Peer 1: 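Starting off with a structure, shown below.
Since this is a predicted model, take the numbers as computed values, not measurements. Note: hydrogens, waters and symmetry copies are ignored here, and every other heavy atom, side chains too, is used. Naming: A, B, ... by sequence-line order, numbering from 1 per chain.
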There are 2 protein chains.
Amino acid sequence: MPSPLHVAFVAGPEGPWRIERMATLAGEALPAAERLRLIEGPDAATVPADAWLLRGVTSNARYSNRREVDALAAKPNVLRRPAATRAALIPIRKTSAWWDLAQDERRAVLEEQSRHIAIGMEYMPAVARRLHHSRDLGEPFDFLTWFEYAPEHEAAFDEMVGRLRDTPEWRYVDREVDVRLSRD
Amino acid sequence: MPSPLHVAFVAGPEGPWRIERMATLAGEALPAAERLRLIEGPDAATVPADAWLLRGVTSNARYSNRREVDALAAKPNVLRRPAATRAALIPIRKTSAWWDLAQDERRAVLEEQSRHIAIGMEYMPAVARRLHHSRDLGEPFDFLTWFEYAPEHEAAFDEMVGRLRDTPEWRYVDREVDVRLSRD
């Protein structure tokens with residue numbers, strides 16, 4: 001597990017990723033924008049806002065047990081593959097009812113009831129991903145997940161997020177935006 | 001569980017708390033300083049550094065199960081009691097070996113092997129405390145714990161931190177400073 005990496009997702013007129021569409025699944029939408037760029041490392045804290053700006057930080061595993069950590073480590077999960085010209089940024093906020101749960105209760109909803117880790121793993125390595133935590137940074141969302149995949153895996157990606165949205169865990173999601181992007 | 005509260009601990013010539021002594025138990029020391037003040041809320045992010053400045057954020061429970069959350073909630077834990085004129089700030093950093101552990105492994109070390117939650121609860125309500133997370137903020141320590149107690153409970157507080165430092169969990173601590181404070 002590398003040290004926490006701070007990442008800023010900056011939407012505006014510039015950036016390598018073209019925003020193809022944004023769907024608001026719950027709560028407030030994000031403003032329209034043309035393009036997106038990712039700023040990683042110390043500069044993420046100071047980059048000025050544009051159309052919108054979301055910040056997060058990679059962190060240690062919060063729910064995965066040893067068996068799951070080892071299974072995940074055995075699956076290639078590589079960002080910036082040349083063939084992966086499609087991406088999704090899915091910012092999510094969870095309810096205070098979620099955050100009021102004890103650790104064992106959140107784990108039970110996330111995995112024993114919802115199979116969140118297992119479902120995500122089924123779509124690796126086609127869908128690479130990186131989870132960023134935002135809640136403790138005072139951000140409007142709790143999590144920002146970034147996904148990259150080749151165009152031929154878009155249907156699989158849609159299936160994956162559809163399955164996750166049907167789980168008991170998603171009853172605790174009160175804001176969700178699905179931003180789809182492409183690059184040449 | 002309230003929303004995350006950002007807190008800055010600012011050491012310098014001013015502040016209601018007088019720094020009585022600082023002991024470095026592991027790793028690098030902190031510079032000497034006379035007094036300490038706490039800045040809570042949005043101002044914590046922008047307060048300028050003085051002799052030293054440490055930032056953290058309260059967050060959701062990371063290890064406590066439902067039984068423990070309920071037991072903790074049943075114990076009064078109130079900061080700023082008039083009689084609690086002694087305080088301790090204990091910044092801690094853990095090794096990468098700790099952060100590489102899976103969630104179930106960290107839980108097992110923290111509670112089943114070390115009884116961290118149970119030991120802490122034995123000293124409530126005499127010792128009030130608040131845990132702040134710092135690692136995901138890019139800070140030099142991973143955790144800042146703030147304790148307040150009356151002078152007659154100082155021996156009990158020393159006993160508590162001594163017991164915790166003897167646990168398997170503390171083998172993962174590679175930087176620890178113990179700052180003791182008082183106010184009139």
Side-chain angles (χ1 to χ4, degrees), chain A residues 1-8 40-46 55-73 93-112 117 131-144 172, chain B residues 1-8 40-46 55-73 93-112 117 131-144 172:
Chain A
M1 189 69 57
S3 294
L5 176 71
H6 284 256
V7 181
E40 301 179 344
D43 292 345
T46 53
R55 287 193 179 92
V57 60
T58 65
S59 189
N60 59 293
R62 300 286 167 89
Y63 299 105
S64 310
N65 60 33
R66 172 49 56 190
R67 185 184 57 75
E68 293 154 351
V69 166
D70 289 345
L72 281 162
R93 186 182 65 200
K94 284 180 170 171
T95 60
S96 57
W98 173 263
W99 296 111
D100 285 343
L101 292 177
Q103 176 69 23
D104 58 335
E105 295 170 323
R106 278 182 277 107
R107 158 74 199 191
V109 173
L110 184 127
E111 195 58 21
E112 280 70 34
I117 299 166
L131 173 63
H132 311 78
H133 297 260
S134 297
R135 182 168 187 262
D136 290 347
L137 305 184
E139 286 282 310
F141 293 92
D142 292 338
F143 305 100
L144 312 173
Y172 293 93
Chain B
M1 191 69 57
S3 294
L5 176 70
H6 285 257
V7 180
E40 300 181 345
D43 292 345
T46 54
R55 288 194 179 89
V57 58
T58 64
S59 188
N60 58 293
R62 299 285 166 89
Y63 298 104
S64 310
N65 61 31
R66 171 49 55 190
R67 186 184 54 76
E68 292 154 352
V69 166
D70 289 345
L72 280 161
R93 186 181 66 198
K94 284 181 171 171
T95 61
S96 57
W98 172 262
W99 296 110
D100 284 343
L101 293 177
Q103 176 69 25
D104 57 336
E105 295 170 324
R106 276 182 277 108
R107 159 73 199 191
V109 173
L110 184 127
E111 194 58 21
E112 280 70 34
I117 299 166
L131 173 63
H132 311 79
H133 298 260
S134 296
R135 182 168 186 261
D136 289 348
L137 304 185
E139 285 282 310
F141 293 93
D142 293 338
F143 304 100
L144 313 172
Y172 294 93

Peer 1: Answer whether the closest heavy-atom distance between the side chains of L101(A) and N60(B) falls below 4.5 Å.
Peer 2: no

Peer 1: Less than 4.5 Å to any heavy atom of chain A: does that hold for the side chain of R107(B), its backbone, both, or neither?
Peer 2: neither

Peer 1: Please determine whether side-chain contact (heavy atoms from CB on, under 4.5 Å) holds for the pair Q103(A) and V69(B), giving the CA-CA distance in whole Å, both sets of side-chain angles, and the decisive distance to 0.1 Å.
Peer 2: CA-CA 9 Å; Q103(A) 176 69 23; V69(B) 166; over 6 Å; no

Peer 1: The criterion is ring pair (Phe, Tyr, Trp, His ring centres under 6.0 Å); which residues satisfy it with H133(B), sequence neighbours excluded?
Peer 2: F143(B)

Peer 1: Checking heavy atoms, do the side chain of R106(A), its backbone, both or neither come under 4.5 Å from chain B?
Peer 2: side chain

Peer 1: For S64(B) versus A102(A), what's the shortest heavy-atom pair and its separation?
Peer 2: O-CB, 3.4 Å

Peer 1: Do E105(A) and N65(B) have side chains that approach each other closer than 4.5 Å (heavy atoms only, starting at C-beta)?
Peer 2: no

Peer 1: Is the backbone N or O of R66(B) less than 3.5 Å from a side-chain atom of D104(A), with the two atoms forming a donor-acceptor pair by type?
Peer 2: yes

Peer 1: Answer yes or no: is there an ion pair linking R62(A) with D136(B), defined by an N-O contact shorter than 4.0 Å?
Peer 2: yes

Peer 1: Not counting sequence neighbours, which residues clear ring pair (Phe, Tyr, Trp, His ring centres under 6.0 Å) with Y172(A)? List them please.
Peer 2: W98(A)

Peer 1: Within this structure, what is the CH2-OG distance for the pair W99(B) and S59(A), rounded to the nearest 0.5 Å?
Peer 2: 7.0 Å

